[in-house]
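Report on the following structure.
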Amino acid sequence: MKKIIIAIDGYSSTGKSTIAKQLSKSLGYVYVDTGAMYRAITLFAMRKGYIGGATEDAEALVQSLSEITLVFKYNEALGYAEMYMDGENVEREIRTLAVSQNVSRVAAIEEVRLKLVEMQKQMGAEKGIVMDGRDIGTVVFPEAELKIFMTASPEKRAYRRYKELLDRGEDVNYEDVLHNVQKRDHIDSHREFSPLKKAVDAIEFDNSDMGLEEQFERMYNFALRVIEKQ
Ligand code: DC
């Protein structure tokens, strides 16, 4: 059977990656979390002091882009790929609230997007891929055979994210997380270059009141229906 490209886009903390991981495992496809790539570039910029401090230097970040190497390495024990930046496993650090607070601004820089979109296109050249992000169905793979656009209420999303951060031992409060989710929604959907928007041919999927099992079952059926037609 021919392999397809599955593009999963949507707002932050809609659980895209959880579903995308399950889906890729069941189909024997590669999973790519493009948010991790934007997060890694953000971490780089924060460490260099280009962002997150009193002043911002997007120009310096753009100048350094060609020096940054990003690689996903599959972790057998975890069952998914982890992000390595310049040879260092940054999987944990890129998920902190500090990185979340800066990532939308970095993701709005055109040169950053051009570099990452190019890498993402190459990763999907062989198909058999599930990629999640904000612009996968609109910019990276407009020709994807299956496009999903995930949504859920900001409160539900903030609560999920809050619990996730607490579980990881971060000292956070719900209001801050909700504020971050709302702010990111706004920046992500209003930026000039490839703003977050539903592709016209994407299936809108609101999971506010849906458990993981039901979400997976529905998605898996969408995928099978498309794959059978290939
Ligand atoms: O999916 P995430 O929350 O890990 O993504 C982190 C940020 O990166 C998010 O605020 C928007 C940005 N992003 C993007 O602009 N384009 C993508 N394809 C993926 C993420």
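Order of listing sets the numbers, starting from 1, for every ligand and every atom in it.
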Would you call [X]-[Y] a salt bridge at under 4.0 Å N-O?
X	Y	answer
K127	E145	yes
D135	R113	yes
D9	K16	no

Can you tell me the protein heavy atom closest to [atom] and the distance?
atom	result
atom 12 (C) of ligand 1	A107 CB, 3.7 Å
atom 11 (C) of ligand 1	D188 OD2, 3.4 Å
atom 18 (N) of ligand 1	D135 OD1, 2.9 Å
atom 19 (C) of ligand 1	T34 OG1, 3.3 Å
atom 4 (O) of ligand 1	R39 NE, 2.7 Å

Task: More than 12 heavy atoms from other groups under 6.0 Å of CD on Q230 - done: yes
Task: Atom NZ of K197 with >12 non-hydrogen neighbours under 6.0 angstrom - done: no
Task: Non-neighbouring partners of R47 that pass side chain to side chain donor-acceptor pair (under 3.5 Å), sequence neighbours left out - done: E88, E93
TODO: Check the angle between the aromatic planes of F216 and Y220 and answer parallel, tilted or perpendicular using the 30° and 60° thresholds.
DONE: parallel
Task: Of the listed options R105, R95, R134, K183, closest to atom 1 (O) of ligand 1 (non-hydrogen atoms) - done: R134
TODO: Determine, considering heavy atoms only, which of M131, R113, R184 sits nearest to atom 15 (O) of ligand 1.
DONE: R113
Pairs of donor and acceptor atoms involving the side chains of residues 198-205, under 3.5 Å and at least two apart or interchain, shall be tabulated with distances.
unit_1: K198; atom_1: NZ; unit_2: A202; atom_2: O; d: 3.1
unit_1: D201; atom_1: OD1; unit_2: K147; atom_2: NZ; d: 3.0
unit_1: D201; atom_1: OD2; unit_2: K147; atom_2: NZ; d: 3.3

Open item on the list: Can you tell me if M37 contacts ligand 1 (heavy atom of the residue under 4.0 Å from the ligand)?
Closed with: no
TODO: Compute the shortest N/O to N/O distance between D33 and ligand 1 and return yes if it is under 3.5 Å, no if not.
DONE: no
Open item on the list: For ligand 1, which is the ligand I care about here, please tell me if Y38 has any N or O atom under 3.5 Å from one of the ligand's N or O atoms.
Closed with: no
- [ ] Below 4.0 angstrom from a heavy atom of G133, which ligand 1 atoms are there? Numbered from 1 as shown, please.
- [x] 17 (C), 18 (N), 19 (C)
Task: Contacting atoms of ligand 1, where contact means under 4.0 angstrom from a heavy atom of S104 - done: 10 (O)
